[in-house]
Amino acid sequence: MAAAALCVLVTGGAGYIGSHTVLQLLLHGYKTVVIDNLDNSSEVAITRVSQLAGDHAHNLAFHKMDIRDKHALEQLFASTKFDAVIHFAGLKAVGESVHKPLMYYNNNIIGTITLLEVMAAYECKKLVFSSSATVYGWPKEVPCTEEFPLSAANPYGRTKLMIEDICRDMYASDFNWKFILLRYFNPIGAHPSGQIGEDPRGIPNNLMPFIQQVAVGRQPALQVFGTDYSTKDGTGVRDYIHVVDLAEGHTAALKKLSDPKIGCEVYNLGTGKGTSVLEIVTAFEKASGKNIPLVKTGRRPGDAEIVYASTAKAERELNWKAKYGIEEMCRDQWNWAIKNPYGYQTKETR
Ligand code: NAD
Ligand code: WQD
């Protein structure tokens, strides 16, 4: 008899990384229940994931829910037995977190504590958490290994550090817990179908969504934040990773949660390669055939010079490695952009 499919709860699964991960989970045969309050996403993403999942679509369920709504979470856990939780739900805009710290602590910290309380009550003690390379601050050297000292330069980063610490404390208090903390580097790109992708609200903060909006005529030019860094061309260097590779990293992490030896472990998800702002612009121009006008300005406060991952631990222990390069990331970003210039909405509804 075939083993019953494992059932995974995905918080924030309508979002950018969540939607790509949910699709990969379905394609790998998992039953997947998504909860999302749709604060920074659209239910259309879930519909598109369901379409892309084909024969696996019946394994997908969606509930509009806030992770801070303990009663709703309890009802969900009472009705469904989850084998594990992947926890994406959270606010992620660095600048906004500086202006609205309480909103970030309330959503990210209280949300996570509520989730962990309900998981504990229902004896579901396996969690994959979306941490971030932001916890490396301004690294003294690269590549960043998981053992590097941790710091946070803003409330958003502090929520990631605090949640990592909460997970470490939970594990120390009860070895039945299993945690995998995934530190993402810079996810970009979209599913190759062009049906799901990143759809930021308002003016994008991050490089790739901004470039995309310049290319489709929604922004006049890209500001290059800093041209005097000690890098190959003076612009900041980051480790960009295709969102589909990142999504696959989560299926690898889920498998790892079944390893009896796992306790609370941290893994970088990056490519191990550094790419400058100007290199990304050139690659995107090539993929799209569009000219991206540039305005060279000063450094953005708080920005590090060079950040890229050591991928050795994830390769060794998760048996996972990113497959795609910058060319494919730009190709798929552009495919998503031309098919959805206004994201999941239209020019009229945006
Ligand atoms: P996203 O905003 O697209 O997805 C987050 C989702 O969580 C959204 O759909 C939002 O509506 C939902 N959400 C937020 N608060 C919620 C709440 N209280 N209850 C229920 N749903 C809630 O962001 P993303 O880029 O997909 O990021 C996913 C996770 O990965 C976040 O935790 C983020 O901090 C982390 N992360 C992202 C990046 C990045 O560059 N995108 C890098 C490192 C880490
Ligand atoms: C990349 C490079 C900028 C915009 C952020 C968060 C981090 C993580 C990923 C969640 C830098 C430059 C950018 C622009 C530019 N998110 N840039 N013009 O800063 O590496 O990381 O997203 O966890 O926590 O801090 O990503 O895409 O904002 O910037 O020149 O309009 O592009 O200076 O060198 P970052 P980014």
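Both counts, for ligands and for their atoms, begin at 1 and track the order of listing. Keep in mind that the numbers below use all heavy atoms, side chains included, and drop hydrogens, waters and symmetry copies.
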Nearest non-hydrogen atom to [atom] belongs to which of [options]?
atom	options	value
atom 32 (O) of ligand 1	Y16, Y240, F88	F88
atom 6 (C) of ligand 1	D36, T114, N40, N186	D36
atom 40 (O) of ligand 1	A45, P209, P187	P187
atom 13 (N) of ligand 1	D39, N37, I163	N37
atom 36 (N) of ligand 1	Y184, F129, Y104, F185	Y184
atom 25 (O) of ligand 2	L278, V94, I306, I17	V94

[X] vs [Y] side-chain heavy atoms within contact, under 4.5 Å:
X	Y	answer
L246	H242	no
E315	N319	no
I306	R238	no
S131	V266	no
I326	E279	no

What heavy-atom pair brings [X] and [Y] nearest, and what distance separates the two atoms?
X	Y	answer
A221	V295	CB-CG2, 3.8 Å
V216	P341	CG2-O, 4.3 Å
I17	P187	CD1-CG, 3.9 Å

Would you call [X]-[Y] a salt bridge at under 4.0 Å N-O?
X	Y	value
D83	K31	no
K140	E305	no
E43	K64	no

Can you find an N/O atom of I67 closer than 3.5 Å to an N/O atom of ligand 1? yes
Could you identify the single nearest non-hydrogen protein atom to [atom] and state the distance to 0.1 Å?
atom	answer
atom 28 (O) of ligand 2	R300 NH2, 2.8 Å
atom 15 (N) of ligand 1	N107 ND2, 3.0 Å
atom 4 (O) of ligand 1	G15 CA, 3.5 Å
atom 8 (C) of ligand 2	S132 OG, 4.0 Å
atom 23 (O) of ligand 2	Y156 OH, 2.5 Å
atom 5 (C) of ligand 2	N206 ND2, 3.5 Å
atom 24 (O) of ligand 2	T134 CB, 3.2 Å
atom 33 (O) of ligand 2	D303 OD2, 2.6 Å
atom 25 (O) of ligand 1	K92 NZ, 2.8 Å
atom 26 (O) of ligand 2	N186 ND2, 3.1 Å
atom 11 (C) of ligand 2	R238 NH2, 3.8 Å
atom 5 (C) of ligand 1	G90 O, 3.9 Å
atom 27 (O) of ligand 1	I17 CD1, 3.7 Å

Report, in ascending order of atom number, the atoms of ligand 1 lying under 4.0 Å from any heavy atom of [X].
X	value
R68	18 (N)
Y156	33 (C), 34 (O), 35 (C), 36 (N), 44 (C)
M65	19 (N), 20 (C)
S130	29 (C), 30 (O), 32 (O), 35 (C)
S131	43 (C), 44 (C)

Could you go through the ring pair (Phe, Tyr, Trp, His ring centres under 6.0 Å) check for F185 and Y240 one step at a time? CA-CA 7 Å; F185 281 68; Y240 298 94; over 10 Å; no
Does [X], backbone or side chain, put an N or O under 3.5 Å from an N or O of ligand 2?
X	result
G236	no
F225	yes
Q223	yes

For K160 and ligand 1, answer yes if some heavy atom of the residue is under 4.0 Å from a ligand atom, otherwise no. yes
Using the rule that Ile, Leu, Val, Met, Phe, Trp and Tyr join whenever any side-chain heavy atoms are under 4.5 Å apart, tell me whether Y156 and F129 fall into a single cluster. no
Under a single-linkage definition using a 4.5 Å side-chain heavy-atom cutoff for Ile, Leu, Val, Met, Phe, Trp and Tyr, are V33 and L60 assigned to the same hydrophobic cluster? no
With Y267, the side chain to side chain donor-acceptor pair (under 3.5 Å) member among K313, E317, K256: E317
Any heavy atom of V277 under 4.0 Å from ligand 2? The part involved is side chain
When you look for heavy atoms under 4.0 Å from ligand 2, do you find them on the side chain of L222, its backbone, both, or neither? side chain
Candidate pair R183 and E164, rule salt bridge (charged side-chain N to carboxylate O under 4.0 Å, His left out), full reasoning: CA-CA 10 Å; R183 293 185 183 145; E164 283 203 2; 2.7 Å; yes
Please step through ring pair (Phe, Tyr, Trp, His ring centres under 6.0 Å) for the pair H20 and F88, ending with a clear verdict. CA-CA 12 Å; H20 289 82; F88 293 105; over 10 Å; no
Using a strict cut-off of 4.0 Å, indicate which atoms of ligand 2 neighbour a heavy atom of N205. 4 (C), 28 (O)
With a cut-off of 4.0 Å, which atoms of ligand 2 are near a heavy atom of V224? 30 (O)
Mind checking whether Y240 has a heavy atom under 4.0 Å from ligand 2? yes
Could you tell me the separation between the CD atom of Q212 and the CG atom of N206, rounded to the nearest 0.5 Å? 12.0 Å
So does C124 get a backbone contact from the side chain of W177, meaning a donor-acceptor N/O pair under 3.5 Å? no
Is there a donor-acceptor pair under 3.5 Å between the side chain of T159 and the backbone N or O of Y105? no
Counting heavy atoms only, which part of L38 comes closer than 4.0 Å to ligand 1: side chain, backbone, both or neither? backbone
